[in-house]
**Q** 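I have a structure here, written as structure tokens, and I will follow up with some questions on it.
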Amino acid sequence: MTIRFYNTLSKQKEVFEPVTPGKVGIYLCGPTVYKPAHIGHMVGPVIFDTLKRFLVYNGYEVTWVVNITDVDDKLIAQANERGIPMSQVATEMTMDYLANLKSLGVDQIDQMPRATDYMKEIIAFISELIAGGYAYASGGDVFFDVLKDDDYGKLSNRSVDSQQGEGGEAASRKRSPGDFALWKSAKAGEPAWDSPWGPGRPGWHIECSAMSRGILGKTFDIHGGGLDLVFPHHENEIAQSESCHHQPMVKYWLHNGLMRAGSASGKVGGKSDRDTANAGAQAAAGAPGTEAGTAASTPPVGSTPSAASVPEEQATVDTKISRSKGAGGLADLIGRQGGDRLRFFLLRTHYRSTIVFSEEEVAEAGAGLDTFHRFFERYTRVTGEQFHELPAVSRRVAGEFDPGDDELAKEAQARRTAFLTKLDDDFNTGGAISELFDWVRALNKFVDQHQLEDQPASKAERVASLRRGVATLRELSAILGLFRAAPPKAKAGGDDALVGKLVQLLMELRADARGRKDFATADKIRLAMGAMGVVIEDRKGGTEWRVGS
RNA sequence: GGCUCCGUGGCCAAGUGGCUAAGGCAGUGGAUUGCAAAUCCACCAUCCCCGGUUCGAAUCCGGGCGGAGCCUCCA
């Protein structure tokens, strides 16, 4: 097995070999905690959570760090707007972020350092850069001098002289426009930390250099983030760290594609007052040929009546999902679709591709997932075991076994190899998922052929084969972090016990009708219940029902 | 203007030089079912356009058209 990754730095796929054999350090740029997270913020965490699972499965000892930026201009603005301390904003939004990660099954993070907990290290780092001649203090601020860095721009393929640089009043204190702030002097009323250059706060990029060094070392294996961070954020991280250390900062730079809003109805974060006002203003000002006009002429991807009837929202159809435009609503989305569906939705596309988000697409992905859930129920009927409670083989080598003459086991090994080969090649989760579908179909077929739902006790050998096959499905899906728990079974009428009892009564009446071959009555009940969203399934072992999707 | 990326069936999406172009959703036909549901089987694309390289291209090169991102805060 050889794992390869596409490295943004070299712009090609490279064989993965950790700096230290057997160990992997991963740093993922985390959130600036000033507003509630939206689905776009979950792309990176879900991908890297899955990546860590895969690397651990391959036998590596992995340390995964996700930083929390809890001091920043946007946090200050938010705190002022709400009239509360910045730290309170940060705490609230961090809690929100963590809750969303949990819902999506992101539970592999080892450390989540906060910038404010690393002030000492940050200040030390800046001091080192000044001492090395790579940074200079200027009027209470400290800037990185990009002209001192020979290979500045190598990650994003930009030349220094093409940089426009940050504007604002700070620009006048820079030596060259491309210089960026390592330390920002505090204005009156702003949160501040003492430093050799006076009270202030860190610039955006330095925390990542300081924290990654502190936790993962001067050179570590994988640095991740969204493609939008390549420049300036990661470019500046490299500049800082490599100027300071004179050794490579990161061996493999992995960047995930960004998410875009696909349709009005799927617009991330719902519509806040600000978004609606903004969209309306754009639409009003949008003469033909303007940006708004162009956006409005694009057909909605997941066209729905509601989307078509709300033209002012179409001005935001093509807007990318960004913190400045979408807010909130992720918890509701998770509540409606479930974390597993969203996770699956994110993983079925290659991590470097753009994902166009719409809730219709999430639901469609969920329809595919249901195939697995149906099968798990089937497995329970045969064996009495719950799929999600099965132990998953957690190491790649341990999953290999001699299939002997067992045809199903032979196919299990073949599918497993195909699945892992897809992941080995630049972490192709979408391709790997197709193997899962192929495999579940084969397992269903096996149950069909041997009628394992009918008197399974008398078919011990076949059931044993099935178990082995399902163990492989469990092993592989666990790498993707899917099917960690049984999906919450929707109940008719929610938690209303009365509705549940009435459904049960209808079921009994229908069973009676079927018993006396009164199919007219039985069908009337089934069709009426179906119209209400209750799906009836008659089986040899008895009738089951579920709230369909 | 500079720098990237993308364009595969109705929709989503793998594949990036060579067997019959994965898989999912939707659809159609069949098996099964009292009828359904679930499941299984079958059918459903020559890869935006033009030109080139090659024995051979969805896959490489050039041009065109269309779309996205970054260059300012952004996962």
Side-chain angles (χ1 to χ4, degrees), chain A residues 8 11 28-32 34 37-48 66 72-74 153 156-159 161-168 178 204 224-233 235 255-260 262 294 298 301-303 318 320-325 344-345 348-350 352-356 358 360-361 363-371 374-375 377-378 418 422 425 428-438 440-449 453 514 517-520 522-523 526-527 530 535-539 543-546 548:
Chain A
T8 307
K11 294 171 181 57
L28 176 70
C29 284
T32 301
Y34 74 109
H38 65 239
I39 182 66
H41 296 127
M42 297 295 119
V43 177
V46 166
I47 286 165
F48 283 86
V66 179
D72 174 270
D73 291 358
K74 293 188 293 297
S156 57
N157 193 25
R158 281 157 220 261
S159 58
D161 54 306
S162 71
Q163 301 309 316
Q164 296 176 348
E166 301 166 275
W204 176 32
L227 270 169
D228 54 342
L229 294 184
V230 174
F231 188 92
H233 188 53
E235 193 69 74
H255 289 96
N256 58 269
L258 303 178
M259 182 176 272
R260 277 172 43 215
T294 306
T298 305
V301 172
S303 184
D318 288 329
K320 69 172 180 166
I321 298 172
S322 73
R323 284 180 180 163
S324 57
K325 289 172 183 152
F344 179 73
F345 171 72
R348 68 176 187 159
T349 303
H350 187 93
R352 286 193 283 113
S353 300
T354 301
I355 299 178
V356 178
S358 75
E360 290 85 352
E361 287 294 332
E364 185 201 293
L369 262 196
D370 283 342
T371 299
R374 293 287 95 78
F375 174 74
E377 292 165 5
R378 208 173 185 198
K422 297 283 175 65
D425 184 11
N428 182 359
T429 52
I433 282 171
S434 74
E435 299 297 333
L436 251 34
F437 275 101
D438 283 337
V440 79
R441 193 193 315 119
L443 291 169
N444 263 319
K445 194 171 180 176
F446 187 79
V447 175
D448 278 355
Q449 281 177 339
E453 289 190 73
R514 291 183 76 220
K517 304 233 185 282
D518 177 7
F519 294 121
D523 289 348
R526 180 170 55 74
L527 292 170
V535 179
I536 304 256
E537 300 185 7
D538 292 321
R539 291 206 183 79
T543 300
E544 292 184 16
W545 61 272
R546 61 187 154 84

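As a basis for the values below, the full set of heavy atoms in this structure was taken, side chains included, without hydrogen atoms, waters or symmetry mates. Each chain gets a letter, A, B and so on, in the order the sequences are listed, and its residues count up from 1.
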**Q** Output the distance between atom CZ (A:Arg352) and atom CD1 (A:Ile47), rounded to the nearest 0.5 Å.
**A**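 These two atoms lie 11.0 Å from each other.
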**Q** For A:Glu235 and A:Arg158, run salt bridge (Lys or Arg N to Asp or Glu O under 4.0 Å): C-alpha distance rounded to whole Å, both residues' side-chain angles, the deciding distance at 0.1 Å, then the answer.
**A** CA-CA 10 Å; A:Glu235 193 69 74; A:Arg158 281 157 220 261; 5.6 Å; no
**Q** Distance-only, no hydrogens or angles: does the A:Arg378 side chain make a donor-acceptor pair with backbone N or O of A:Asn444 under 3.5 Å?
**A**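 Present.
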**Q** Is a donor-acceptor pair below 3.5 Å formed from side chain A:Asp538 to base B:rC35, judging by atom type as modelled?
**A**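 Indeed, a donor on one side and an acceptor on the other fall under 3.5 Å apart.
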**Q** Which whole number of Å gives the distance between the P atom of B:rA58 and that of B:rA21?
**A** 10 Å
**Q** Determine the contact category for A:Arg441: base if any of its heavy atoms lies under 4.0 Å from a base atom, sugar-phosphate if only primed atoms, P, OP1 or OP2 are that close, otherwise nothing.
**A** sugar-phosphate
**Q** Between B:rC41 and A:Lys445, is there an OP1 or OP2 to side-chain N/O distance shorter than 4.0 Å?
**A** yes
**Q** Grab the CD-C1' distance between A:Glu453 and B:rU33 for me, whole Å please.
**A** 14 Å
**Q** Measure from the side chain of A:Glu361, starting at C-beta and using heavy atoms only, and say which of B:rC12, B:rA14, B:rC41 lies closest.
**A**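 So the nucleotide nearest the side chain must be B:rC12.
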**Q** Suppose you measure atom C1' in B:rG30 against the same atom in B:rC44; what distance do you get, rounded to whole Å?
**A** 15 Å
**Q** Expressed in whole Å, how much space separates the P atoms belonging to B:rA22 and B:rG27?
**A** 22 Å
**Q** Base, sugar-phosphate, or nothing for A:His255, non-hydrogen atoms under 4.0 angstrom?
**A** nothing
**Q** Please measure how far the C1' atom in B:rC19 lies from the corresponding atom in B:rU53, and state the result in whole Å.
**A**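 The same atom, C1', in both gives a distance of 24 Å.
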**Q** Output the single nucleotide from B:rC3, B:rA68, B:rC35 whose closest atom is nearest the side chain of A:Arg260.
**A**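 In terms of side-chain proximity for A:Arg260, the closest of B:rC3, B:rA68, B:rC35 is B:rA68.
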**Q** Name the pairing partner of B:rA57, where a pair is Watson-Crick or G-U wobble with both distances under 3.5 Å, or state none.
**A**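 Its partner: none found.
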**Q** Of A:Asp425 and A:Gly430, whose nearest nucleotide on RNA chain B comes first from the 5' end?
**A**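 In this pair, the answer is A:Asp425.
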**Q** Roughly how far apart, to the nearest Å, are B:rA26 and B:rA13 at atom C1'?
**A** 14 Å
**Q** A:Phe437 CZ to B:rA13 P: how many Å, rounded?
**A**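 Going from A:Phe437 (CZ) to B:rA13 (P), I get 14 Å.
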**Q** Quick one: CG on A:Asn256 to CZ on A:Phe48, what's the gap to the nearest 0.5 Å?
**A** 6.0 Å
**Q** Taking all atoms of both residues into account, what is the closest heavy-atom pair of A:Leu227 and A:Gly257, and its distance?
**A** CD1-CA, 3.9 Å
**Q** Picking from B:rC25, B:rA13, B:rC35, which would you name as closest to the side chain of A:Arg526?
**A** B:rC35
**Q** According to a strict under-4.0 Å criterion, is A:Thr8 in side-chain N/O contact with OP1 or OP2 of B:rC5?
**A** no
**Q** Less than 4.0 angstrom between a side-chain N/O of A:Arg348 and OP1 or OP2 of B:rC25, yes or no?
**A** no
**Q** Paired with B:rC73 by Watson-Crick or G-U wobble geometry, both distances under 3.5 Å: which nucleotide is it?
**A** none
**Q** Salt-bridged, A:Asp448 to A:Lys445, with N to O below 4.0 Å?
**A**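 Looking at A:Lys445 together with A:Asp448, the answer is no, because their closest N to O distance does not fall below 4.0 Å.
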**Q** Between B:rU4 atom C1' and A:Glu235 atom CD, what is the distance in whole Å?
**A**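 That distance rounds to 13 Å.
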**Q** Write down the distance between CG (A:Asn157) and P (B:rC71), rounded to a whole number of angstrom.
**A** 15 Å
**Q** Could you check whether the side chain of A:Arg514 and the base of B:rG34 have a donor-acceptor pair of N or O atoms closer than 3.5 Å, going by distance alone?
**A** yes
**Q** Touch check for A:Ile536, heavy atoms < 4.0 angstrom, all strands: base, sugar-phosphate only, or nothing?
**A**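 Result for A:Ile536 = base.
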**Q** Under a 3.5 Å cut-off for both contacts, is B:rA42 paired Watson-Crick or G-U wobble with anything, and if yes, with which nucleotide?
**A**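 Base-paired to B:rU28.
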**Q** Any non-hydrogen side-chain atom of A:Phe375 less than 4.5 Å from a side-chain atom of A:Glu377?
**A**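 A side-chain contact is absent here, since even the closest heavy-atom pair is not under 4.5 Å.
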**Q** Could you tell me the separation between the CG atom of A:Leu369 and the P atom of B:rC25, rounded to a whole number of Å?
**A**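 One finds 10 Å between P of B:rC25 and CG of A:Leu369, rounded.
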**Q** Please give the nucleotide sitting opposite B:rU33 as a Watson-Crick or G-U wobble pair, both distances under 3.5 Å, or none.
**A** none
**Q** Would you indicate what A:Gly226 reaches in the nucleic acid, counting non-hydrogen atoms under 4.0 angstrom: base, sugar-phosphate, or nothing?
**A** sugar-phosphate
**Q** On RNA chain B, nearest-nucleotide positions of A:Phe344 versus A:Gly257: which is more 5'?
**A** A:Phe344
**Q** In terms of side-chain heavy atoms of A:Asp438, which of B:rA14, B:rG23, B:rU39 is nearest?
**A** B:rG23
**Q** Between C1' on B:rC12 and CD on A:Glu364, what's the gap in Å once rounded to a whole number?
**A** 5 Å
**Q** Can you say whether a donor on the side chain of A:Glu435 sits under 3.5 Å from an acceptor on the base of B:rG23, or the other way round?
**A**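 Answer is no: no donor-acceptor pair is held.
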**Q** Please give the nucleotide sitting opposite B:rG66 as a Watson-Crick or G-U wobble pair, both distances under 3.5 Å, or none.
**A**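 Its partner is B:rC6.
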**Q** What is the distance, to the nearest angstrom, from the CG atom on A:Asp228 to the C1' atom on B:rG69?
**A** 9 Å
**Q** Please walk me through it: do A:Asp538 and A:Arg514 pass salt bridge (Lys or Arg N to Asp or Glu O under 4.0 Å)?
**A** CA-CA 11 Å; A:Asp538 292 321; A:Arg514 291 183 76 220; 3.3 Å; yes
**Q** Can you tell me if NZ on A:Lys11 sees more than 12 non-hydrogen neighbours from other groups inside 6.0 Å?
**A**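 Check passes, neighbour count above 12.
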**Q** Within the pair A:Asn444 and B:rC40, is there a side-chain N or O less than 4.0 Å away from OP1 or OP2?
**A** yes
**Q** Work out how far the C1' atom of B:rG67 is from that of B:rC49, and round it to whole angstrom.
**A** 15 Å
**Q** If you go through the side-chain atoms of A:Asp523, does one of them form a donor-acceptor pair with the base of B:rG34 closer than 3.5 Å?
**A**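 Answer yes: a donor N or O sits under 3.5 Å from an acceptor.
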**Q** Within the structure, does a side-chain N or O atom of A:Asn428 lie under 4.0 Å from either OP1 or OP2 of B:rA14?
**A** no
**Q** Write down the distance separating the C1' atoms in B:rC25 and B:rA45, rounded off to the nearest Å.
**A** 16 Å
**Q** Rounded to the Å, how far apart are A:Phe231 CZ and B:rG2 P?
**A** 17 Å
**Q** With rounding to whole Å, what would you report as the distance between B:rG24 and B:rC60 at their C1' atoms?
**A**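 Comparing C1' positions in B:rG24 and B:rC60 gives a spacing of 30 Å.
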**Q** Checking contacts here: which listed nucleotide (B:rG2, B:rU4, B:rU39) is nearest the side-chain heavy atoms of A:Thr371?
**A** B:rU39
